[in-house]
Amino acid sequence: MTTDTRLRRITGHVVLTVLSIACAFPIYWLYATSLRAPGDVHSLTILPWPLSTANYAAAFANNDVARMLANTAIVALLSAAGQLLVGLLAAYAFAAWTFPLRRTLYLMFVGTWLVPFQATMLPNYVLLARLGLLETLAGVIIPNLCSALGVLLLREHLAGFPKELLDAARMDGRSSWNILWTVVVPVIRPALAALGILLVITAWNEYFWPAMVLQRGNAVVQLGLRSFMGTEGNDWGPLMATAGLACLPVFVLYLVLQRHIVQAFVRSGLK
Amino acid sequence: MKRTLCVAATLVVAGCGIGGTDPAAPVDRVPELASDQQVSIVLESYNFGQAGPWTDTFTELIDAFEQAHPNIDVTAQKPQGNSANPATDTISSLQSQLTAGHAPDVVQLGFSDLDFAINELNAAPLDDLVGTDAVRANFDGDTHPYADSARTLGDWNGKTYGVPFVFSTPMLYYNKTLFAEAGLDQERAPSTWDEVATAAKAVTDATGKGGAYVDCLTKAAKDWCFQALVRSNGGRVISEDRTRLTFAEQPAVDAVTTMKGLVTDGLMPNLTQTQAVEAFSRGDLGMILESSAIQGTFLKGATGKWDLGAAAMPSFTGREAVPTNSGAALFVFASDPAKQRAAWELITFLTSERAYTTIAEKIGYLPLRTGLVDDPDGLKSWAEENPYLRPNLAQLDRMEPWVSMPGTSYLQIRDGMMEAVENAVFHGADPAESLRAKQDEVSDLLPDGDR
Amino acid sequence: MVTGTFEVVTRPVSRTVPAVRLSGWHRLRRGIVPYAYLAPAVALLVVWTYQPLAQTAYLSFHSWNLVPTSPMAAVGTANYERLLTTGELGEAVWHTVEVIAGMLPFTVAIPVVVALLVRRIRGRAQAVYRALVFAPMLVAPVAGAAVWQWLLDPSAGAVNRVLGTDLNWLNTTSTAQLSLIVITGWHVVGFAVLVVWAGMTGINPDYGDAARVDGATPGQVTRWVTLPLLSPTLAFLGLMTVLLSAQWTFPLIDTLTQGGPVGATTNVYYLLWELGFRSHDAGLAAAAGVLFFVGFIVVAALLTRLADRLTHHDD
């Protein structure tokens with residue numbers, strides 16, 4: 001190993017260490033503050049000591065945190081599952097057939113990225129009210145069931161699908177529906193899983209639409225977090241505890257599936 | 001007869017929807033409820049849903065109400081929206097729900113929204129709904145009537161639309177411990193703004209902590225106590241006939257200049273409302289001019305660490321201070337007669353002596369039925385333990401109402417004015433110029449303005 | 001890697017399969033199939049995105065305070081005129097440009113520099129760094145806002161106490177925008193670094209080797225080979241930054257500064273929000289929504305064309 005390479009490697013390590021600390025520190029600080037004793041909340045010591053769960057107790061006392069986490073999980077899982085299904089069907093259509101209006105319809109999907117949320121939220125709210133879906137988790141899930149990102153990513157993926165497998169299946173006279181589920185899906189399962197994780201995390205962190213739909217009580221955990229941020233001063237200890245709880249499931253998922261998650265997000269960025 | 005809004009062009013529409021309808025029909029007297037008539041109503045309050053004593057108090061009161069009225073079911077909710085301060089979301093939440101066709105039945109709205117709530121959102125006129133006698137009877141109560149200055153705060157053109165529910169006045173809270181460290185008399189709070197400046201300087205010099213903060217000068221603080229400052233200096237923010245904005249005139253400009261002076265002299269730190277409240281609660285600020293509603297938070301922060309003192313709002317030299325009220329009233333937005341009656345029952349319950357006793361004890365708000373503080377069966381002992389009440393009560397006599405801005409763009413007028421004030425006080429703009437420029441700009445937004 | 005499109009194209013029928021003549025009905029059914037698969041997605045889009053957009057467009061030509069019992073008055077283009085002549089819009093656009101310009105270092109410059117420096121690092125170390133650097137992307141915006149508000153508190157926050165300053169970062173006109181940019185940058189820098197890193201590892205090393213054989217220095221290789229080959233990735237990140245940074249900052253602005261102090265952090269998205277919810281003027285808000293939608297389409301089209309022209313693809 002030449003000194004040049006070694007120098008490069010050391011530089012690389014230094015740079016990455018600095019960046020990692022910068023990125024991870026606020027998250028660490030969040031959990032550290034939440035674990036301090038209530039009187040120590042303003043302390044600047046790097047390690048919280050003595051450790052205390054009082055803040056978490058306060059967080060649980062003020063919000064039905066278990067129920068919030070459960071609700072958020074339901075919303076996240078159902079949203080992701082729905083988005084995967086809808087996206088898969090649409091991507092299959094784009095990738096498997098040529099048909100009139102194909103390009104126009106494709107642009108329709110891309111176009112949704114440019115529509116500001118603020119421009120559509122009020123008509124959607126009114127529609128939800130008319131459908132009787134306000135104050136329900138369904139009202140949070142249904143309007144977001146078509147994920148343009150999901151459609152586009154899956155289409156890219158399906159574009160590279162080996163033709164021979166399909167030809168063979170079609171020769172057998174199987175229907176397109178059959179082909180989709182018995183031939184295509186098993187092969188792209190990793191991509192589906194990656195996309196699914198990405199969608200779950202995005203839905204978990206969703207905030208504005210749930211805030212519009214769920215007014216009575218703080219049904220999802222992001223809203224529960226809000227209830228601690230009042231004008232009469234923030235209650236920092238329990239606030240950090242609730243924030244920590246709000247992020248915890250995602251982080252747990254991350255620790256377990258880190259490689260896949262990163263890959264999923266990064267792939268969404270590569271063309 | 002609904003005018004539906006249908007989409008043009010090529011898109012297939014799943015449901016047409018947003019549109020206006022005919023104006024509301026005149027309101028008739030609503031009959032009493034039969035004892036077996038089941039009604040469910042919704043109460044929307046910005047105090048509900050925040051972690052803290054308010055939610056518990058509301059829950060307790062509602063449970064008691066439902067026990068007394070087993071045929072009425074009440075659901076409480078907070079305004080829809082994402083602001084840190086839910087009070088900011090009250091009107092937009094109400095509007096969205098009105099648009100969707102299911103407005104809450106009883107809504108707590110701040111006095112700043114009075115004009116809009118009555119004239120644009122069509123809050124129900126209670127005098128027509130239940131009769132002037134019933135309204136007056138509620139104000140008189142069983143034993144303790146409303147304070148005179150409080151009765152008319154929800155009125156418009158002589159009719160009562162809103163029953164004032166909670167309100168507070170600006171009070172000068174100060175940290176007695178810091179005063180002692182600075183060599184100031186702990187029991188004598190400053191009574192003029194000049195004295196405030198002197199005291200603030202002593203505190204900052206001796207302790208290095210913040211001197212004073214006036215929570216009336218930012219957009220987030222709204223304009224209720226800014227109006228108090230202007231009134232105390234002999235001016236107004238809007239002419240009495242509500243046709244002309246006057247917040248760029250000399251008395252207001254002088255008031256803003258005085259406040260700006262505190263900042264440039266290093267006596268008032270640049271803080272947001274939340275930061276200031278937190279800083280004072282921690283004991284890092286000498287004085288704060290704040291709504292008495294926040295008193296509970298201050299007491300909690302002070303316990304065991306420093307001593308809290310309270311005094312009346314300071315005056316400008318040579319004049320008397322004129323405090324204004326902040327707070328909210330309860331309005332009825334139900335359209336179904338049974339719900340309207342149920343809503344009225346809830347309002348009378350929430351503004352009864354019993355409710356005020358609970359609210360005062362649990363949260364610390366001044367009861368609008370001021371007689372309660374002398375009633376041994378009421379709040380007498382509580383009042384004795386709460387020396388901070390006296391300055392608040394004393395200010396009630398001099399109190400003037402918080403004036404709401406007129407027209408549909410009232411919020412832009414109010415926020416624009418406060419932004420100009422904030423810019424002048426905290427961010428270096430020239431008071432006269434900043435206020436004048438803003439007044440010219442937002443005057444176009446007045447109804448029958450230069451539009 | 002198998003490429004090649006997965007398309008049903010009419011192919012010549014093999015002699016061993018008897019030719020089947022499709023009836024008109026069958027041909028129709030076959031023609032409908034792709035639309036059937038697309039139907040759920042398209043229906044959702046129409047109902048929840050495009051129809052509301054059309055309603056909003058319709059509303060933009062009216063004046064209405066959202067109350068059903070109030071009439072909607074047709075005002076033609078008055079809302080648009082009011083929007084385009086108000087000083088607020090110009091300032092909001094300027095603030096949006098500031099945010100985009102401020103974000104680009106975090107989404108393009110820093111990631112490229114970091115990726116160039118860390119090419120040699122692999123294995124366990126790489127996994128650890130990757131995990132840490134990516135974490136902020138997963139933090140919920142509200143939670144992120146909460147901890148940053150805590151860190152930036154003027155008297156109790158860690159930042160001031162460590163730096164020894166007493167600035168109110170989020171409430172001073174000169175530093176508020178900067179603070180927001182740093183917080184948003186913190187959120188996405190890990191993601192951008194990983195995208196560029198992945199893009200870089202996807203570059204065929206043969207190009208670099210060939211250049212080196214020809215006598216190019218490492219610097220020249222970077223400049224003339226690596227970067228151009230990275231350009232699609234960088235173009236994508238750039239495009240995302242321009243189009244989405246205003247949206248990324250939105251939850252932060254709403255939680256931390258509410259567009260303040262005195263409008264210093266109000267960008268076009270926040271202005272849209274304020275017009276819609278603070279002004280209670282539905283027509284004006286609708287006009288703003290339509291205006292920004294059209295504006296972003298134009299910007300996106302321009303940028304995509306620019307990106308296509310400037311990027312090199314590994315064909």
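Quick note: numbers below take in every heavy atom, side chains included, and nothing from hydrogens, waters or symmetry partners. Chain letters run A, B, ... following the sequence lines, proteins first, then strands; residues in each count from 1.
Side-chain atoms of A/L127 and C/V47, non-hydrogen and from C-beta on, do get closer than 4.5 Å to each other. In this structure, C/Y50 and A/T120 have side chains that are not in contact, with every pair of non-hydrogen atoms separated by 4.5 Å or more. The side-chain heavy atoms of A/P26 and C/W186, taken from C-beta on, include a pair separated by under 4.5 Å. C/V133 is listed as a side-chain neighbour of A/S20, based on a closest heavy-atom distance under 4.5 Å. Put simply, the side chain of A/Y92 does not reach to within 4.5 Å of the side chain of C/L38, judged on heavy atoms. When side chains are defined from C-beta on, C/W48 counts as touching A/L128, because their heavy atoms get closer than 4.5 Å.
Put simply, of C/V162, C/L132, C/V147, the one with the most heavy-atom pairs under 4.5 Å next to chain A is C/V147. Put simply, of C/S60, C/G157, C/A43, C/P136, the one with the most heavy-atom pairs under 4.5 Å next to chain A is C/P136. Taking chain A as the reference chain and counting heavy-atom pairs below 4.5 Å, the highest number among C/A131, C/A146, C/P40 is found for C/A131. Of the listed residues A/A93, A/G244, A/G87, A/A24, the one with more heavy-atom pairs under 4.5 angstrom with chain C than any other is A/A93. Heavy-atom pairs under 4.5 Å with chain C peak, among A/S176, A/A22, A/A246, at A/S176. Between chain C and the residues A/G12, A/C23, A/A243, the largest count of heavy-atom pairs under 4.5 Å involves A/C23. In terms of heavy-atom pairs under 4.5 angstrom with chain A, the leader among C/L44, C/V268, C/L116 is C/L44. Interface check for chain A: of the options C/G289, C/P34, C/A57, the most heavy-atom pairs under 4.5 Å are formed by C/P34. Interface remark: of the candidates A/L145, A/I21, A/L88, A/L145 forms the most heavy-atom pairs closer than 4.5 Å to chain C.
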Run the side-chain hydrogen bond (donor to acceptor under 3.5 Å, both in side chains) check on C/W150 and A/T33 step by step: do they pass? CA-CA 10 Å; C/W150 175 228; A/T33 308; 3.2 Å; yes
Applying side chain to side chain contact (heavy atoms under 4.5 Å, CB included), run through C/Q126 and A/L16 and close with a yes or a no. CA-CA 9 Å; C/Q126 185 197 51; A/L16 275 181; over 6 Å; no
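In this structure, the portion of C/A125 lying under 4.5 Å from any heavy atom of chain A is its side chain and not its backbone. Within the 4.5 angstrom heavy-atom criterion, only side-chain atoms of C/L151, from C-beta onward, approach chain A. For A/A148, no part lies under 4.5 angstrom from a heavy atom of chain C. Contact of C/V294 with chain A is not made at all, since no heavy-atom distance falls under 4.5 Å. At a 4.5 Å heavy-atom cutoff, the contact between A/V115 and chain C is made by backbone and side-chain atoms alike. The contact between A/W177 and chain C is made by backbone and side chain atoms together, counting heavy-atom distances below 4.5 Å. Within the 4.5 angstrom heavy-atom criterion, only side-chain atoms of A/L180, from C-beta onward, approach chain C. Only the side chain of C/V189 comes within contact range of chain A, judged by heavy atoms closer than 4.5 Å.
Shown here for C/A143 and A/L30, the closest heavy-atom pair between the two residues is O-CD1, 4.0 Å. In plain terms, the two heavy atoms of A/C247 and C/A140 that are nearest each other are SG-N, 3.9 Å.
The contact list for residues 248-257 of chain A toward chain C, using heavy atoms and a distance under 4.5 Å, reads A/V250, A/F251, A/Y254 by residue number.
The distance from the CG atom of C/L45 to the SG atom of A/C146 is 4.0 Å, given to the nearest 0.5 Å. Here the straight-line distance linking atom CH2 of A/W97 with atom OH of C/Y35 works out to 12.0 Å at 0.5 Å rounding. Atom CD of C/Q51 and atom CG of A/N124 lie 8.0 Å apart (nearest 0.5 Å). Distance CG/A/L239 to CD/C/Q149: 8.0 Å, rounded to 0.5 Å. Once rounded to the nearest 0.5 Å, the distance linking CZ of A/F109 with OG1 of C/T49 reads 10.0 Å.
A donor-acceptor contact shorter than 3.5 Å is absent between the side chain of C/Y37 and the backbone of A/V86. At least one donor-acceptor pair closer than 3.5 Å links the side chain of A/N205 to the backbone N or O of C/L138.
The side-chain contact (heavy atoms from CB on, under 4.5 Å) test applied to A/Q83 returns A/N144, A/S147, A/L199, not counting sequence neighbours.
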